Participant: 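To start, I am sharing the structure in question, which I have written as structure tokens.
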Amino acid sequence: MQTVFALADCNNFYASCEKLFRPDLKHVPVVVLSNNDGCVVARSKEAKALGIKMGVPLFQIKDQIQQHGIVCFSSNYALYADLSNRVMTILEEEAPRVEVYSIDEAFMDLTGVSHAVDLLTFGQQVKAKVDKWTGITIGVGIAPTKTLAKLANHAAKKYPATGGVVDLMSPDRQKRLLALVDVGDVWGVGRRISTRLKEQGIHTALDLARANPKAIRSEYSVVLERTVRELNGTSCLELETVRPTKQQIVCSRSFGHKVTDKQELREAVAKYTTRAAEKLRGEQRLCRVVTVFIRTSPFIPGEPQCSKALSAELPNPTDDTRDLLEVTNVIFQQIYRAGFRYAKAGVMLADFYEQGTFQEDLFRPSTNRTQSKALMSVVDKINHSGLGNVFFASQGTSPTWSMKREHLSPAYTTRWGDLRGVL
DNA sequence: TCTGGGGTCCTAGGACCC
DNA sequence: TCTGGGGTCCTAGGACCC
């Protein structure tokens, strides 16, 4: 049977989330900023129309913000995650198999659906339901491969006449669309590869579809070869409904201001270690390899640069925050150099194990702390409850290095948000 | 003054083994 | 002085994604 994929993708997701709770901003240009209010990561359609580019640093558009009354929001991931869950739940009700691909998009398996209902109608129904129940607008692209579904979705957004839903099952329509799409807009073709392809005379998605897959494989990679096949309607990428367990956990942040004090930097590393350990327990894994990195900002001309990273292997895998804090502190002491203005630090965890599946080091008997599991689980529970915050002394109590979030919206959908709404 | 964070996959090359 | 071939594992780096 011919496979059928749909890609549902929320329009201007973060900006739409913010607007949902601010009807007064309905027709106002809105942008959402990255952590530290550094650059623009989402734009409402009014902001796009003003020519605000994705990824542009905030300070470069200060004048435009003033002039056009653009409203800025710091990113509020708790809010976006909550609304995302609501959208995904609806998609899961509509299709037998769904792959949540990112916070704002999901692939759906529609194989077999066309026997019951016309695919275009189906897409329109899903779109209407999400709109009605969440207030979020989605675009839907339907095609025989994931790469073509992406392209169909792209068209659904670009051409308003489609009503936000495009059925790209017919090879004829595929060809017509591919001819209109820049090769750089194809899923899996980034800036580097797009430049190389164009030098070779491959400018549109159709040009790429007509390239020789074998030649593409030898000149580029097996990944791009799959893209070529997918553009021709041969499905190479499966729907992945079960989220693969993580291979790596990274916690890193740029600081709100440059950090020169050793103690401050150490506290930041401790904080990221704690966050990483929480994520690790959320994955129900133990980890053995820990990396710490610290670095200055490469963006400041003439700034003395320092970028250090170091990994360490634990004798036995662990998920205990205290074990990890001990290691990251030792690493930090080794890589720290005085006399620099640090801009960013991070902690990475790798080499994961399931409980009970690893070989303990014979000569270094388990250092497992008593009651480790119970303690960590209580800490996580308190911190997730929204009722309070328990933390480790090494994190410090008054972080001066923490994120800049000057335009944060209230937590509309979580418990304190509800309360704040009442007050 | 001010430039995000968190991931994945693939490949090449070196170390090491038999 | 001559000096193979094949395999695995690991790591670093490059490219991509949202």
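In this text the structure is predicted, and so the values were computed from the model without any measurement. Residue numbers start from 1 in every chain, and the chains themselves are labelled A, B, ... in the order their sequence lines are given, proteins ahead of strands.
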Participant: Return the nearest nucleotide to the side chain of A/I193; candidates are B/dC2, B/dG6, C/dA15.
Facilitator: C/dA15
Participant: At less than 4.0 Å, is any side-chain N or O atom of A/S102 found next to OP1 or OP2 of C/dC17? Yes or no.
Facilitator: no
Participant: Under 3.5 Å, is there a donor-acceptor pair linking the side chains of A/Y272 and A/E267?
Facilitator: no
Participant: OP1, OP2 of C/dC16 versus side-chain N and O of A/K150: anything below 4.0 Å?
Facilitator: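 For C/dC16, neither OP1 nor OP2 has a side-chain N or O of A/K150 closer than 4.0 Å.
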Participant: Looking only at the side chains, is there a donor atom on one of A/S102 and A/D104 sitting less than 3.5 Å from an acceptor on the other?
Facilitator: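 Checked: A/S102/A/D104 side chains pair up, N/O donor to acceptor below 3.5 Å.
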Participant: Starting at CE of A/M348 and ending at P of B/dG6, how long is that distance when rounded to a whole Å?
Facilitator: 10 Å
Participant: How many whole angstroms separate atom NZ of A/K279 from atom P of B/dG5?
Facilitator: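 Computing the A/K279:NZ to B/dG5:P distance gives 11 Å.
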Participant: Assign each of A/K258 and A/C251 to its nearest nucleotide of DNA chain B by heavy atoms, then name whichever residue's nucleotide is nearer the 5' end.
Facilitator: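 In this pair, the answer is A/K258.
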Participant: Using the closest heavy atom to pick a nucleotide of DNA chain B for each, name whichever of A/G55 or A/Q248 lands nearer the 5' end.
Facilitator: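 The residue mapped nearer the 5' terminus is A/G55.
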Participant: Would you mind classifying the nucleic acid contact of A/V222 as base, sugar-phosphate or nothing, using non-hydrogen atoms under 4.0 angstrom?
Facilitator: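 Here A/V222 touches the backbone only, sparing every base.
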Participant: Just N and O in the side chain of A/S75: are any of them under 4.0 Å from OP1 or OP2 of B/dG4?
Facilitator: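 Indeed not, no polar side-chain atom of A/S75 lies that close.
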Participant: What is the distance, rounded to the nearest whole Å, between atom CZ of A/R191 and atom P of C/dC18?
Facilitator: 15 Å
Participant: Does a side-chain N or O from A/K53 land closer than 4.0 Å to OP1 or OP2 of B/dT3, or not?
Facilitator: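 Checking A/K53 against B/dT3: no side-chain N or O falls below 4.0 Å of OP1 or OP2.
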Participant: Just checking A/S221: base, sugar-phosphate only, or nothing, at a heavy-atom cut-off of under 4.0 Å?
Facilitator: nothing
Participant: For A/R226 and B/dC10, is the shortest distance between a side-chain N/O and OP1 or OP2 below 4.0 Å?
Facilitator: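 For A/R226, the contact criterion (side-chain N or O under 4.0 Å from OP1 or OP2 of B/dC10) is met.
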Participant: Using a cut-off of 4.0 Å on non-hydrogen atoms, how would the nucleic acid contact of A/I249 be classed: base, sugar-phosphate, or nothing?
Facilitator: sugar-phosphate
Participant: Could you tell me how the ring of A/W187 sits relative to the ring of A/Y101: parallel (under 30°), tilted (30 to 60°) or perpendicular (over 60°)?
Facilitator: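 The rings of A/W187 and A/Y101 stand perpendicular, inter-plane angle above 60°.
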Participant: Test A/D182 against every option in A/K198, A/R191, A/K158 by the salt bridge (Lys or Arg N to Asp or Glu O under 4.0 Å) rule and name the one that passes.
Facilitator: A/K198
Participant: What do you reckon, are the aromatic ring centroids of A/Y14 and A/Y77 less than 6.0 Å apart?
Facilitator: yes
Participant: Where the side chain of A/S252 is concerned, which of C/dA15, C/dC18, B/dG6 is the nearest nucleotide?
Facilitator: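 Of the options given, the side chain of A/S252 lies nearest B/dG6.
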Participant: Do A/D109 and A/T111 have a side chain donor and acceptor closer than 3.5 Å?
Facilitator: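 Yes, A/T111 and A/D109 have a side-chain donor paired with an acceptor closer than 3.5 Å.
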Participant: How many Å lie between CZ on A/R405 and P on B/dG5, as a whole number?
Facilitator: 12 Å
Participant: Rounding to an integer number of Å, can you tell me how far A/Y77 OH sits from C/dC18 P?
Facilitator: 15 Å
Participant: In whole angstrom, give the distance that lies between atom CD of A/E283 and atom C1' of B/dG7.
Facilitator: 12 Å
Participant: Drop me the distance from A/R86's CZ to A/L91's CG, to the nearest 0.5 angstrom.
Facilitator: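 Rounded to the nearest 0.5 Å, the CZ-CG separation comes to 14.5 Å.
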Participant: Atom CD of A/E230 and atom P of C/dC16: how far apart are they, to the nearest Å?
Facilitator: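 Rounded to whole Å, this separation is 17 Å.
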Participant: Would you indicate which nucleotide in C/dC17, B/dG6, B/dC2 comes nearest to any side-chain atom of A/V250?
Facilitator: B/dG6
Participant: Check the distance between B/dG4's C1' and A/K344's NZ and give it to me in whole angstrom.
Facilitator: 7 Å
Participant: Taking any heavy-atom pair under 4.0 Å as a contact, classify A/D37: base, sugar-phosphate, or nothing.
Facilitator: nothing
Participant: Please tell me which of the listed nucleotides, B/dG5, B/dC2, C/dC17, lies nearest to the side chain of A/I300?
Facilitator: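 Comparing B/dG5, B/dC2, C/dC17 against the side chain of A/I300, the answer is B/dC2.
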Participant: Can you tell me how far P in B/dT3 sits from the matching atom in C/dC18, rounded to whole Å?
Facilitator: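 It works out to 25 Å between them.
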Participant: Which ranges of DNA chain B pair up as stems, where a stem means three or more consecutive Watson-Crick or G-U pairs with both distances under 3.5 Å?
Facilitator: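 Ordered by first number, the stems with DNA chain B (at least 3 consecutive pairs each) read B:5-18 with C:5-18.
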Participant: Which part of the nucleic acid, if any, lies within contact of A/K246, taking any heavy atom under 4.0 Å across all strands shown: a base, the sugar-phosphate backbone alone, or nothing?
Facilitator: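 A/K246: backbone/sugar contact only, no base atoms under 4.0 Å.
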Participant: Crowded around A/Q200 CD? As in, over 12 foreign heavy atoms under 6.0 Å?
Facilitator: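 Yes, enclosed.
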Participant: Does the structure place the NZ or CZ of A/K308 under 6.0 Å from the centre of the six-membered ring of A/Y336, at an angle of no more than 45° from the ring's axis?
Facilitator: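 Output no; distance or angle outside limits.
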Participant: For a quick test of reading the model: is some side-chain N or O of A/R253 closer than 4.0 Å to OP1 or OP2 of B/dG6?
Facilitator: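 So the side chain of A/R253 is within the cut-off, an N or O lying under 4.0 Å from OP1 or OP2 of B/dG6.
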Participant: Go through B/dT3, C/dC18, B/dG4 for me and flag the one nearest to the A/D104 side chain.
Facilitator: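 Of the options given, the side chain of A/D104 lies nearest C/dC18.
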